[in-house]
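Residue numbers begin at 1 in each chain, while the letters A, B, ... track the order of the sequences.
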Protein chains: 2
Amino acid sequence: MNLRILRPNEFQLDRRIDNENEEQQTAARNIVERVRSEGDRAVLALTAEHDGVTLTADRLRVTAEEIAGAYGAVDEAFLEAIRAAAVNIRAYHEKQKKQSWIDAQPNGTTLGQLIRPLARVGVYVPGGKAAYPSSVLMNIIPAVVAGVKDIVMVTPPATGGKEGIDPYILVAAAEAGVSEVYRVGGAQAIAALAYGTETIPAVDKIVGPGNIYVALAKRFVYGVVDIDSIAGPSEIVVIADEGANAAYAAADLLSQAEHDEMASAVLLTPSRAFAEAVQAEVERQLETLPRRDIAAESIRRHGAILLTSSLDEAAAISNRLAPEHLELLVADPLGWVGRIENAGAIFLGPYSAESVGDYFAGPNHVLPTNGTARFFSPLGVDTFLKRSSLISYSREALLENGDRIMTLARREGLEGHARAIQVRLDAERGE
Amino acid sequence: MNLRILRPNEFQLDRRIDNENEEQQTAARNIVERVRSEGDRAVLALTAEHDGVTLTADRLRVTAEEIAGAYGAVDEAFLEAIRAAAVNIRAYHEKQKKQSWIDAQPNGTTLGQLIRPLARVGVYVPGGKAAYPSSVLMNIIPAVVAGVKDIVMVTPPATGGKEGIDPYILVAAAEAGVSEVYRVGGAQAIAALAYGTETIPAVDKIVGPGNIYVALAKRFVYGVVDIDSIAGPSEIVVIADEGANAAYAAADLLSQAEHDEMASAVLLTPSRAFAEAVQAEVERQLETLPRRDIAAESIRRHGAILLTSSLDEAAAISNRLAPEHLELLVADPLGWVGRIENAGAIFLGPYSAESVGDYFAGPNHVLPTNGTARFFSPLGVDTFLKRSSLISYSREALLENGDRIMTLARREGLEGHARAIQVRLDAERGE
């Protein structure tokens with residue numbers, strides 16, 4: 001399987017969004033409506049139906065004992081590594097915190113902005129092979145740092161009649177600072193978080209990835225609660241000069257390609273020699289990759305090496321692609337950052353593999369996908385904050401500006417708005 | 001028309017969202033697809049069809065001369081008032097700006113967060129009676145403060161064959177700092193901004209209110225570009241004690257009710273005497289209000305005075321309603337702010353009428369509606385910024401942490417992620 005070497009104008013990265021079908025939409029909607037009207041009863045019935053697990057309401061919540069027990073089932077190396085990662089993620093997100101502020105003027109005008117955490121947040125964690133402890137950290141820790149009091153995780157019970165949840169997921173959640181965990185998945189979990197049931201509390205926002213039914217249910221409850229943006233297939237762009245290490249570049253491209261067939265890995269380089277070296281390395285490394293079928297298909301469908309006329313052209317193409325991950329394997333990576341307009345995360349130099357950011361360094365790995373880095377941002381503390389404006393006018397400030405306010409209100413034909421000022425000016429000027 | 005006096009448990013503020021019908025969805029979708037494939041030609045044909053205005057492509061853009069001419073058509077009092085408002089709005093939003101940051105550790109780990117403006121933003125401004133100069137300021141100024149280079153305003157030409165645009169809108173846009181103005185409205189304007197045409201540039205995000213077709217078109221192009229949240233009907237909650245001024249409270253409730261029949265105005269007070277005084281004032285003031293039919297219908301359908309057992313209960317109810325606007329007409333308004341969890345904007349004391357914030361004080365009047373202040377925030381500088389994470393690991397940092405990263409990657413079954421680290425450790429440790 002060769003990674004194609006192309007000229008830039010020969011390559012087009014399509015938006016890769018699955019068009020969900022009507023049937024799936026109806027199914028997700030029906031589940032949401034059922035949970036909304038029947039609460040726990042619907043949650044339990046749907047869990048039996050979809051996960052093959054028969055529960056009672058008092059077994060929905062994962063107990064403190066189960067979480068403590070999970071620690072006994074994970075290995076020491078994992079525990080040490082996830083704790084080190086959690087420290088880094090916490091430290092990075094602490095720097096994103098913002099303060100409320102107030103601005104008081106001499107005439108008695110006082111304005112401000114309150115910044116406060118959401119009260120309750122739901123975190124969806126998929127089951128089975130898509131259950132990633134790293135994603136548990138990346139979704140929960142920013143909420144903890146924001147100051148969210150109740151962080152409610154939902155995740156499906158193991159299929160086939162088992163109530164259990166992957167101990168690595170439970171340990172990651174506990175280390176991150178989760179408040180409550182419920183064994184419920186699918187669209188029924190999203191509905192329970194949006195509307196609440198007798199057992200599962202309603203939240204203000206739901207984050208976390210899931211299958212198509214989870215995504216559709218999230219879109220359906222949007223407005224009742226807030227949701228994060230729907231994750232698309234992920235991508236990496238590597239910009240490299242002739243001095244870069246081809247084996248490193250190839251390994252990083254493959255680490256993205258192994259995610260799924262829809263993932264995209266693209267190298268931009270002005271050096272044909274480097275392009276060919278990476279092409280050979282990709283072929284060589286692919287041989288022994290456990291997920292080689294997935295990676296090969298991703299590379300065939302959405303991968304390419306683009307030979308650019310210069311690094312400047314490479315930067316321009318990258319800005320158009322607006323990748324989720326961008327690696328700068330160039331001599332002076334920091335010197336190129338200013339030319340990068342659109343990228344979720346930027347990795348500088350030979351030792352900053354994408355994996356470093358996926359698992360460990362501290363910045364969030366929930367990043368804008370599918371070209372949306374033009375306008376979306378990584379998940380962060382902001383995701384879990386809300387702002388309120390504060391407005392306090394003194395008598396003096398109102399007397400000084402009341403006529404201007406009425407001029408603007410009357411221009412818009414909103415006499416009631418003007419009279420709310422007039423009634424005050426009349427009273428105060430009459431005194 | 002009496003504003004009902006009720007006990008809290010007798011009142012329910014429903015979510016007031018119009019369910020758009022299939023026909024409207026199809027119409028909006030067809031317009032978007034047509035503009036996407038035919039560009040200017042479709043825009044001009046749709047403008048002739050919907051606005052009754054026949055244009056050529058070279059007339060789509062409003063010229064500098066037209067904008068200069070608009071200044072001759074507005075009165076001095078308006079110009080003075082809108083300039084004063086713009087100064088205040090700019091000053092408030094300047095305080096929302098954020099800085100990029102970097103954090104460099106002794107072992108060579110350097111992490112950062114780049115905060116940058118979106119490159120291009122579109123602002124939709126409705127035509128006719130819904131064309132509000134104040135909204136032009138509120139949508140454009142935060143984008144200017146964020147540093148957005150291209151701010152593209154679109155607004156329909158006057159109906160009935162006239163190409164002209166309300167001069168007050170043009171002057172407000174110029175004062176706010178708009179880059180370009182195009183005379184195009186409806187779903188065709190949204191499509192043009194999302195995909196670009198020969199004449200109208202594609203943008204990264206579209207903000208601003210519009211009719212149902214505009215809202216549906218925005219939802220349809222979401223993902224191609226970002227959009228602001230869809231504005232719902234607006235609301236005010238007034239919390240007042242027995243010492244408040246009933247005429248002020250009534251005027252403020254009516255200023256909200258006059259917006260449209262779906263608007264909601266609710267007073268929360270523990271004082272029956274005050275409740276009755278406000279009820280009488282509303283009736284009296286409503287008599288002479290030009291928009292009394294709209295205000296009376298709003299009050300009948302979505303208005304109420306709720307007699308609470310205490311101010312604490314009033315605060316708790318307000319938190320459940322999560323109003324767009326909240327006025328605290330109480331003896332110690334600042335002392336109550338900490339009890340308010342959910343509100344778009346909080347107005348303190350007798351001189352801070354909602355109109356003060358709608359037009360003049362500086363905080364944005366684009367606020368979360370329909371109970372969404374639980375999780376949404378006012379429009380602001382953030383609306384026009386994007387973040388990118390920076391990750392730079394030194395050789396030392398990677399050697400120190402590489403094993404941990406591989407442990408986590410292998411736990412998730414992503415061997416390619418682990419090998420991207422392994423290939424580096426092997427090379428570096430082998431040296």
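Within the 4.5 Å cutoff, the side chain of A:Q96 has heavy atoms near those of the B:Q113 side chain. Counting heavy atoms from C-beta on, the side chains of A:K95 and B:L111 never come closer than 4.5 Å. Considering only heavy atoms from C-beta on, A:I421 comes within 4.5 Å of B:V356 through its side chain. Counting heavy atoms from C-beta outward, A:R387 and B:N364 have side chains that stay 4.5 Å or more apart. Considering only heavy atoms from C-beta on, B:F376 stays 4.5 Å or farther from A:K386 through its side chain. B:L408 places none of its side-chain heavy atoms less than 4.5 Å from the side chain of A:S134.
Interface remark: B:P333 contributes no atoms to any contact with chain A (heavy atom separation under 4.5 Å). For B:F384, no part lies near chain A; criterion is any non-hydrogen pair under 4.5 Å. Contact annotation for A:Y132: both backbone and side-chain heavy atoms come within less than 4.5 Å of a heavy atom of chain B. Only the side chain of B:A84 has a heavy atom closer than 4.5 Å to any heavy atom of chain A. For chain A, no part of B:A397 is nearby; none of its heavy atoms comes within less than 4.5 Å. With a threshold of 4.5 angstrom between heavy atoms, B:I346 approaches chain A through its backbone and through its side chain. If you measure heavy-atom distances from B:S100 to chain A, you find no contacts under 4.5 Å at all. Contact annotation for B:D358: only side-chain heavy atoms (C-beta onward) come within less than 4.5 Å of a heavy atom of chain A. Only the side chain of B:L114 comes within contact range of chain A, with at least one heavy atom under 4.5 Å from a heavy atom of that chain. For B:R116, the part lying under 4.5 angstrom from a heavy atom of chain A is the side chain only. For a residue to count as touching a neighbouring chain, one of its non-hydrogen atoms must lie under 4.5 Å from one of that chain's; by this rule B:N245 does not touch chain A. A:P368 does not touch chain B: none of its heavy atoms, backbone or side chain, sits under 4.5 Å away. The parts of B:F78 that come within reach of chain A are both its backbone and its side chain, each placing non-hydrogen atoms under 4.5 angstrom from that chain.
Counting heavy-atom pairs closer than 4.5 Å to chain B, the top residue among A:D226, A:L399, A:L326, A:N342 is A:D226. Between chain A and the options B:D252, B:L328, B:V121, heavy-atom pairs under 4.5 Å are most frequent for B:D252. For the options B:G402, B:S377, B:S394, heavy-atom pairs under 4.5 Å to chain A are most numerous at B:S377. Contacts with chain B were tallied for A:S392, A:G112, A:A85, A:A373; A:S392 has the most, counting heavy-atom pairs under 4.5 Å. Counting heavy-atom pairs closer than 4.5 Å to chain A, the top residue among B:D103, B:L254, B:N88, B:T109 is B:D103. Interface summary for chain B: among A:I391, A:L398, A:T110, the most heavy-atom pairs under 4.5 angstrom belong to A:I391. The candidate with the highest count of non-hydrogen atom pairs below 4.5 Å against chain A, out of B:K98, B:K205, B:Q285, B:E354, is B:K98. With respect to chain B, the highest number of heavy-atom pairs below 4.5 Å among A:S352, A:A251, A:P133 belongs to A:S352. Here B:G344 is the residue among B:G344, B:A119, B:S229 with the most heavy-atom pairs under 4.5 Å with chain A. Contacts with chain A were tallied for B:L334, B:V74, B:D75, B:I340; B:I340 has the most, counting heavy-atom pairs under 4.5 Å.
Nearest heavy-atom pair across A:S389 and B:P378 is OG-CG, 3.8 Å. The shortest heavy-atom contact between B:R419 and A:P290 is NH2-CD, 3.9 Å. Residues B:S388 and A:A343 share a closest heavy-atom pair of OG-O, 2.6 Å. Contact record, A:R374 with B:V203: NH2-O, 3.3 Å, taken as the closest heavy-atom pair. A:L390 and B:P363 make their closest contact through O-CG, 4.3 Å (heavy atoms, listed as atom of the first residue, atom of the second, distance). Looking at every heavy atom in both residues, B:S355 comes nearest to A:I405 through O-CG2, 3.7 Å.
Residues in residues 399-410 of chain B take part in these salt bridge (Lys or Arg N to Asp or Glu O under 4.0 Å) pairs, two or more places apart or across chains: A:E80-B:R404, B:D403-B:R429, B:R410-B:E415.
Applying side chain to side chain donor-acceptor pair (under 3.5 Å) to A:Y359 and the options B:R411, B:E412, B:H417 leaves one that passes, B:E412.
Figure legend: B:R424 and A:Y351 shown without cation-pi pairing, the cationic atom not lying both under 6.0 angstrom from the six-membered ring centre and within 45 degrees of its axis.
By the side chain to side chain contact (heavy atoms under 4.5 Å, CB included) test, A:A257 is found to be paired with A:A295, A:S298, A:I299, residues two or more places apart in sequence or in another chain being considered.
The CD1 atom of B:I227 sits 10.5 Å away from the CZ atom of A:F375 when rounded to the nearest 0.5 Å.
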